[in-house]
Amino acid sequence: MISFLRGTVAHVGLSTAVIDLNGAGMAVFATPQTLSRLHVGEEAKLFTSLIVREDSLTLFAFADDDEREVFEVLLSVSGVGPRLALAVLAVHDPETIRVAAHSGDGKAFTKVPGIGPKVAGRIVLELSGKLVPHGTGPAPVQAAVAQADWKPQVVAAMTSLGWSEKDAGGSIDKAMADSPDLAQAGDVAQILRATLRWLGQDGARAGNRVGSRG
């Protein structure tokens, strides 16, 4: 098992990154929040989970061990694969997922694109007792940055999840109108989660996704 990677960031894409390990490039899939913290040419440490299939070996990477733990527990739910588990972590931080699972809050999971009421109910049922809240609250936010710096990163993250740049930009503006303090703080991961939650509050908004058209 590959527990973590430490190396130089060689490439950051919409849904993947490549870490240079002494001349060998290791590709990993990660949430937009994790990818937003990686910068080409800088050293990074990522916690990883190796998914083995008959025809592939795929690495999923996380900012910390708690994210990885929640990801792997989500995989124990019938019908939840690695891509859907990663999507859950793109919308909710690990502690929010723990609280939702522990309290039976299925609606929290329906805010994730691709998860309907039935799947959300199954997640809550099968995770009962497996995920216990730490009681520590959300992770500390990053240093504040100007909108000119954070908005393109959030737009890029949303386009990687299927929205067009136009729809992503408009949704971010509307979500941040409801959360001016969050916009001022400029934390990319928190802004992305807030925007995705805003989209999930109205089922009709999900129709803005590029993948749902046609």
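Predicted, not measured: the structure shown is a model, and the values here were computed from it.
Val112 and Val80 fall within the same hydrophobic cluster, defined by Ile, Leu, Val, Met, Phe, Trp and Tyr side-chain heavy atoms under 4.5 Å apart, directly or through other members. Residues Val91 and Leu192 share a single hydrophobic cluster, defined by chaining ILVMFWY side chains whose heavy atoms lie under 4.5 Å apart. Criterion: ILVMFWY side-chain heavy atoms under 4.5 Å apart, direct or through other members. Under it, Phe62 and Leu59 are not part of a common hydrophobic cluster. Residues Phe47 and Val73 are members of separate hydrophobic clusters, defined by side-chain heavy-atom contacts under 4.5 angstrom among Ile, Leu, Val, Met, Phe, Trp and Tyr. No chain of hydrophobic side-chain contacts below 4.5 Å, direct or via other Ile, Leu, Val, Met, Phe, Trp or Tyr residues, connects Val40 to Val18.
Side chains of Phe109 and Val88 form a contact here, defined as non-hydrogen atoms less than 4.5 Å apart. Between Asp173 and Ser171, every side-chain heavy-atom pair lies at or beyond the 4.5 Å cut-off. Counting heavy atoms from C-beta on, the side chains of Val28 and Leu46 come closer than 4.5 Å. Contact of the Thr31 side chain with the Leu35 side chain is not registered, since no non-hydrogen atoms from C-beta on lie closer than 4.5 Å. Taking the side chain as every heavy atom from C-beta outward, Lys107 and Pro117 never approach each other to under 4.5 Å. Side-chain contact check for His102 versus Leu131: every heavy-atom pair is 4.5 Å or farther apart. Counting heavy atoms from C-beta outward, Pro82 and Thr58 have side chains that stay 4.5 Å or more apart.
Gln33 contributes a side-chain N or O that, together with a main-chain N or O of Ala90, makes up a donor-acceptor pair within less than 3.5 Å. The backbone N or O of Gly13 sits nowhere less than 3.5 Å from a side-chain atom of Thr16 that would complete a donor-acceptor pair. For Thr195 (side chain) and Ile191 (main-chain N/O), a donor-acceptor pair under 3.5 Å exists by modelled atom type. Looking at Glu126, its side chain does come within 3.5 Å of a backbone N or O of Ser78 through a donor-acceptor pair.
For the atom pair CZ of Arg197 and NE2 of His92, the computed distance is 6.5 Å after rounding to the nearest 0.5 Å. Considering OG of Ser49 and CD of Glu72, their distance stands at 3.5 Å, rounded to 0.5 Å. Atom CD1 of Ile97 and atom CG of Asp105 lie 12.0 Å apart (nearest 0.5 Å). For the atom pair CG of Leu86 and CD of Glu67, the computed distance is 9.0 Å after rounding to the nearest 0.5 Å. For the atom pair CG of Leu5 and OG1 of Thr48, the computed distance is 5.0 Å after rounding to the nearest 0.5 Å. Between the CG atom of Asp65 and the CZ atom of Phe71 there is a distance of 13.0 Å, given to the nearest 0.5 Å.
For the 3.5 Å distance criterion, the side chains of Thr96 and Arg193 fail to qualify, holding no donor opposite an acceptor. No side-chain donor-acceptor contact under 3.5 Å links Glu43 and Thr8.
Across all non-hydrogen atoms, the minimal contact from Ala175 to Ala194 is CB-O, 4.4 Å. Residues Gly79 and Leu84 approach most closely at O-CD2, 4.4 Å, considering heavy atoms. Closest of all the heavy-atom pairs between Gly81 and Leu75 is C-CD2, 3.5 Å.
Electrostatic pairing of Arg98 and Glu69 counts as a salt bridge here, judged by a charged N lying under 4.0 Å from a carboxylate O.
Among residue pairs with one or both ends in residues 45-58, none qualify as salt bridge (Lys or Arg N to Asp or Glu O under 4.0 Å); sequence neighbours excluded.
Close placement of the Phe60 and Phe29 rings is indicated, their centers lying within 6.0 Å of each other.
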